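Quick caveat: nothing in here was measured; it's all calculated off a predicted structure.
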Amino acid sequence: MGRKIRIAITNQQQVMPIKTRERKRLQKTIETVLQHKSVPEGEVSLAIVDDKTIARLAKEYFGRRQATDVISFDLREKPPADSNKRMDCEVVVNAQEALRRSRANAIDAWAELNLYVVHGLLHQMGYNDQQKRQARLMHAKEDELLEALGLGKVFHYK
């Protein structure tokens, strides 16, 4: 059975120009995460936004008043019993935050942005980072996937 994954990437910010190379890298990141969990079908929408947009979404959907790095939404009407059968989601990543953190940690801004994509998708696959043990597992999986993509370990533990 072939894989049936649709990926849509929209750019709604001006701080990080999204050229063909970067768009292909983001698509490859999404495909790699989905392959890792053997997700055979679905639709993933990736929106690259700025502080203002992600802060508005955080307030509207989560009651938080500040900008964040990534937010993801499950768009399935009724999730199947096996969450790996299909994924329909939107991942919203903050390019301004990626620039800030990349400068603070002396890493590539695109690697940081790809980390946000991986993080958002892993949340949709059931990973959680609310408790220390869960966060360690999630960040280890992020490192594994980003290293497989040639981006290395990106997440900086505080």
So which heavy atom on C89 is nearest to which on L121, and how close?
SG-CD2, 3.9 Å
Treating Q13 as the side-chain partner and V15 as the backbone partner, does any N or O pair qualify as donor plus acceptor under 3.5 Å?
yes
Tell me whether E43 is salt-bridged to R6, with the criterion being a basic N under 4.0 Å from an acidic carboxylate O.
yes
Any side-chain donor-acceptor pair under 3.5 Å between E112 and N114?
no
From L46 atom CG to S72 atom OG, the distance as rounded to the nearest 0.5 Å
11.0 Å
Spell out, yes or no, whether I54 and V93 are grouped together once hydrophobic residues are joined by side-chain heavy atoms under 4.5 Å, including indirect joins.
no
Nearest heavy-atom contact between A95 and I48 is CB-CG2, 3.9 Å
Taking all non-hydrogen atoms of both residues, which atom of V154 and which atom of L151 are closest, and how far apart?
CG2-O, 4.0 Å
Least distance between heavy atoms, A98 atom then M16 atom:
CB-SD, 4.3 Å
Roughly how far apart are L145 CG and T29 OG1, rounded to 0.5 Å?
9.0 Å
Can you confirm whether F62 is buried at CZ, in the sense that more than 12 heavy atoms of other residues, nucleotides or ligands lie under 6.0 Å from that atom?
yes
List the steps and the verdict of side chain to side chain contact (heavy atoms under 4.5 Å, CB included) for R56 and T53.
CA-CA 5 Å; R56 181 181 50 76; T53 303; 3.8 Å; yes
Answer with yes or no whether the hydrophobic clustering places L34 together with L26; edges join I, L, V, M, F, W, Y residues whose side-chain heavy atoms lie under 4.5 Å apart.
yes
By the definition side chain to side chain contact (heavy atoms under 4.5 Å, CB included), identify the one residue from V118, L149, L146 that meets it with T32.
L149
Between CG on residue L57 and OG1 on residue T68, distance to nearest 0.5 Å:
11.0 Å
Would you call K28 and E31 a salt bridge, using N to O less than 4.0 angstrom?
no
Could you tell me whether R100 and E97 make a salt bridge, using a distance below 4.0 angstrom between a side-chain N and a carboxylate O?
yes
CG/D88 to CD/Q124 distance, rounded to the nearest 0.5 angstrom?
10.0 Å
If you measure from CG on L122 to CG on L115, what distance do you get to the nearest 0.5 Å?
9.5 Å
Contact summary for Y116 and V91, nearest pair of heavy atoms
O-CG1, 4.4 Å
Please check if Y61 and L75 belong to a single hydrophobic cluster, counting links between Ile, Leu, Val, Met, Phe, Trp and Tyr side chain heavy atoms closer than 4.5 Å.
yes
Atom CE in M138, atom CE in M125: separation rounded to 0.5 Å?
10.5 Å
Could you tell me whether a side-chain N or O of E22 sits under 3.5 Å from a main-chain N or O of K19, the two making a donor and an acceptor?
yes
Examine I71 and I9 and state if one hydrophobic cluster contains both, with Ile, Leu, Val, Met, Phe, Trp and Tyr joined whenever side-chain heavy atoms are less than 4.5 Å apart.
no
Stepwise side chain to side chain contact (heavy atoms under 4.5 Å, CB included) test for Y127 and K141
CA-CA 9 Å; Y127 285 81; K141 183 55 65 183; 3.4 Å; yes
Testing the 3.5 Å rule here: is there a donor-acceptor pair between the side chains of D129 and H119?
yes
Heavy atoms of V44 and M87 approach each other most closely as CG2-SD, 4.4 Å
Is it true that atom CD of Q14 has more than 12 heavy atoms of other residues, nucleotides or ligands lying nearer than 6.0 Å?
no
With the threshold set at 4.0 Å, does a side-chain nitrogen-carboxylate oxygen contact exist between R76 and D74?
yes
